[in-house]
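Just so you know, these numbers use all the heavy atoms, side chains as well, and skip hydrogens, waters and symmetry mates.
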Amino acid sequence: MRSDVVKKGYQRAPHRSLLRATGLEDSDFEKPFIGVANSYIDIIPGHFFLNRYAEIIKEEIRKAGGVPFEFNTIGVDDGIAMGHRGMLYSLPSRELIADSIETVMNAHSLDAMICIPNCDKIVPGMLMGALRVNVPTIFVSGGPMRAGKLEDGTILDLNSAFEAVGAFADGKMSEEKLHEIECKACPSGGSCSGMFTANSMNTLCEAMGVALPGNGTILALSKEREELLRTAARRIVEITLDTQKTEQFRFRNILNAEAIHNAFVVDMAMGGSTNTILHMLAIAKEAEVDFNLESINKIAQNVSHIAKIAPALSSVHMEDINRAGGVNAVMNEVAKRDNSTLRLNALTITGETLGERIKNAQIKDTKIIHTNENAYSPVGGLKILFGNLAKEGAVLKVAAVAESMKEFKGRAICFNSQDEAIKGIAGGKVKAGNVVVIRYEGPKGGPGMQEMLSPTSLIMGMGLGESVALITDGRFSGATRGACIGHVSPEAAEGGLIALIEDNDEIEISVSEGSLELLVDSATLEVRRRKWSEQNVAQTIMQSKNITSKWLKRYSLLVSNAANGAVLKTEL
């Protein structure tokens, strides 16, 4: 066992002595040591109960013949961090989480791991850390929360609360109604109930074979979820007690090029959060898999969009997907269109191939999960746009865009920060026909690539969702809907064309052509670039943000742009 390096031989008597202080006995030194990576934290609704889940997992590991060692990672709740400087820390937290997984697992030479993530950056951070450690690892999330409901039966989620703020600010909603939505939008523990980033990533863990079926859809705080925890715990011990299986199920043997391809296929079929693109690119780099943005559009052409989940102009939530057959039913339907679309021979952590796992899965409600013949769209729910404004790419959640906004030309109104944009939108500066430009919010420029749920929700809440577009080098919450294009690369802070846009410039968006163009002649742009460079505009704007955090400054110096997954550089 890998852990023999800390527990076997006379030279390890001091090590065993320390381990005995934690409660271990002679018999425990013959058992596999299993890391239980928990993201329990009181302030995140999807995580405040994970300490109880860890106890269930540890008890089951002991029963199965293993020795569990629980440790924790940090967590940032994007919804609570949203709209203020706290959001600067969200994306950087992914790197800290990956580093902490690597540190604890390798420092103590643990044999295998169960990861208990749920929300925001925690899932991808744990995936990246697990790839570095490369021991058998199972992911079992805390599960999604139930959707909320008003007295009149209106279905709610977190996005409802954000959009209600815009409606209230525009005088379209009473304070009493706003308070009712606030109180009922998030009715229970769990990751926010729609296809936001957390549920998108937990769903993709199923597609990649690193989690058990139901990981992305079985409700939090349910008996079914507890049984999933127990099954995962028994399986990880089973793997580590068999030397051959331990080698077979090393994490990189599961999360490889085939798994990453399958993740993007399911992402397209279910119209996941745009953040999945950012995180999957980072995961691909960690897995040493060559996967670029152009490949994503190619996948989208061969995958029907068959599940439209809130906030994608839908009242369907994760509990509905679970009732309708879950992710396996989605994948089986995708495979019916073309059985070469999914890599069905990909190995899963439960021992069967993906094809074997999904072959008997059936759609139980075709109103929730559509068939290929009745798809929302014959192509996937996400799209990568290119053009002079996005030479390295930009991301759009097509599934959440009204048909009337898929071809759009408008006049720019520019903001050099999210705070500036929120004030401008709430103050009535944005009118129908505008393209809102929010820049210097990329990974480097933010720093930290803030999510833009507050400004996008203001636009929707003010009734401008079908007449105003938004582009940014920042990113969006999975709860965002509308013609919102993020991850524009190169970003403003590194001299991308988005830095040179001026108010009233014409911008053209074409979903059909996959293009994002600034309609300004090259001579004018060259004059602007010289002025931008001579006046050190990027440096001036960065200084005006008054970033004093040493961690964020270090992050800004090392981070790559969104087209490269916003990973930290390890070499100059």
Side-chain angles (χ1 to χ4, degrees), residues 73-76 78 81 85-103 120-129 131-132 197 201 273-289 291-293 390-395 416-418 438-452 472-477 486-499 536-572:
T73 66
I74 64 164
V76 172
D78 282 16
R85 290 174 75 86
M87 182 50 75
L88 298 176
Y89 291 91
S90 174
L91 185 58
S93 74
R94 187 186 72 185
E95 311 309 309
L96 296 176
I97 291 163
D99 289 348
S100 67
I101 293 283
E102 176 188 358
T103 299
D120 303 321
K121 311 295 96 51
I122 297 159
V123 186
M126 285 187 165
L127 287 165
M128 291 163 69
L131 281 163
R132 297 178 195 174
T197 305
M201 288 305 306
S273 163
T274 54
N275 280 323
T276 56
I277 304 294
L278 183 74
H279 297 317
M280 287 307 305
L281 289 173
I283 290 162
K285 287 185 179 296
E286 202 70 67
E288 299 177 342
V289 171
F291 208 100
N292 55 40
L293 286 170
K391 288 188 175 179
E392 295 179 28
V395 181
N416 289 331
S417 71
Q418 179 180 208
I438 307 178
R439 58 196 175 194
Y440 296 100
E441 290 290 8
K444 183 179 291 291
M449 203 179 184
Q450 295 193 74
E451 289 187 346
M452 301 292 167
T472 180
D473 52 9
R475 61 194 175 93
F476 300 115
S477 162
H487 307 202
V488 171
S489 299
E491 63 173 291
E494 61 178 339
L497 191 61
I498 190 172
N536 291 319
V537 174
Q539 184 177 349
T540 301
I541 290 172
M542 292 288 285
Q543 288 173 345
S544 72
K545 294 189 175 188
N546 192 29
I547 302 298
T548 58
S549 164
K550 291 181 179 179
W551 161 226
L552 293 179
K553 285 181 178 179
R554 186 164 71 249
Y555 181 84
S556 182
L557 289 170
L558 294 174
V559 72
S560 64
N561 66 27
N564 289 288
V567 295
L568 296 186
K569 299 171 185 175
T570 55
E571 297 177 5
L572 295 177

Given side chain to side chain contact (heavy atoms under 4.5 Å, CB included), test Glu288 with Leu131 step by step and report yes or no.
CA-CA 10 Å; Glu288 299 177 342; Leu131 281 163; over 6 Å; no
Could you walk me through whether Met201 and Ile283 pass the side chain to side chain contact (heavy atoms under 4.5 Å, CB included) test, one step at a time?
CA-CA 11 Å; Met201 288 305 306; Ile283 290 162; 4.0 Å; yes
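The CD1 atom of Ile498 sits 5.5 Å away from atom OG1 of Thr472, with the distance rounded to the nearest 0.5 Å. With rounding to the nearest 0.5 angstrom, the CD atom of Glu95 is 4.0 Å from the CG atom of Leu568. One finds the CG atom of Asn564 at 10.0 Å from the CG atom of Asn292 (value rounded to the nearest 0.5 Å). Distance check: Met449 CE to Phe476 CZ gives 9.0 Å after rounding to the nearest 0.5 Å. Note: Gln539 CD to Gln543 CD = 4.5 Å, rounded to the nearest 0.5 Å.
Ile547 places none of its side-chain heavy atoms less than 4.5 Å from the side chain of Met542. For the pair Arg439 and Asn416, the minimum side-chain heavy-atom distance is below 4.5 Å. The side-chain heavy atoms of Leu278 and Leu91, taken from C-beta on, include a pair separated by under 4.5 Å. Residues His279 and Lys121 meet the side-chain proximity criterion, which asks for heavy atoms closer than 4.5 Å. Counting only heavy atoms from C-beta outward, the side chains of Ile122 and Met126 approach each other to under 4.5 Å.
Across Gly129 and Ile101, no two heavy atoms sit closer than the pair C-CG2, 3.6 Å. Of all heavy-atom pairs spanning Pro447 and Ser556, the tightest one is CB-CB, 3.8 Å. Listed here is the closest heavy atom pair of Ser549 and Tyr89: CB-OH, 3.4 Å. Across Leu281 and Leu293, no two heavy atoms sit closer than the pair CD1-CD2, 3.8 Å. In terms of heavy-atom proximity, Thr73 sits nearest to Ser100 at CG2-OG, 3.5 Å. The two residues Leu88 and Gly446 come nearest to each other via the heavy atoms CD2-O, 3.4 Å.
For Lys391, the NZ atom is loosely surrounded, since the number of other residues' heavy atoms within 6.0 Å does not exceed 12.
Of the possible polar contacts, one joining the Arg94 side chain to the Ala566 backbone as a donor-acceptor pair under 3.5 Å is found. Within the 3.5 Å criterion, the main-chain N or O of Ala563 finds a donor-acceptor partner in the side chain of Ser489. Under the 3.5 Å distance criterion, the side-chain polar atoms of Ser544 are matched with a main-chain donor or acceptor of Ile541. Between the side chain of Ser90 and the backbone N or O of Asp78, no donor-acceptor pair lies under 3.5 Å. Of the possible polar contacts, one joining the Lys545 side chain to the Tyr440 backbone as a donor-acceptor pair under 3.5 Å is found.
Partner of Asn561 under the side chain to side chain donor-acceptor pair (under 3.5 Å) criterion, chosen from Glu392, His487, Glu491, Lys444: Glu392. The one candidate from Asn275, Thr276, Asp120, Thr274 that meets the side chain to side chain donor-acceptor pair (under 3.5 Å) condition with Thr197 is Asn275.
A donor-acceptor contact closer than 3.5 angstrom is absent between the side chains of Gln418 and Glu441.
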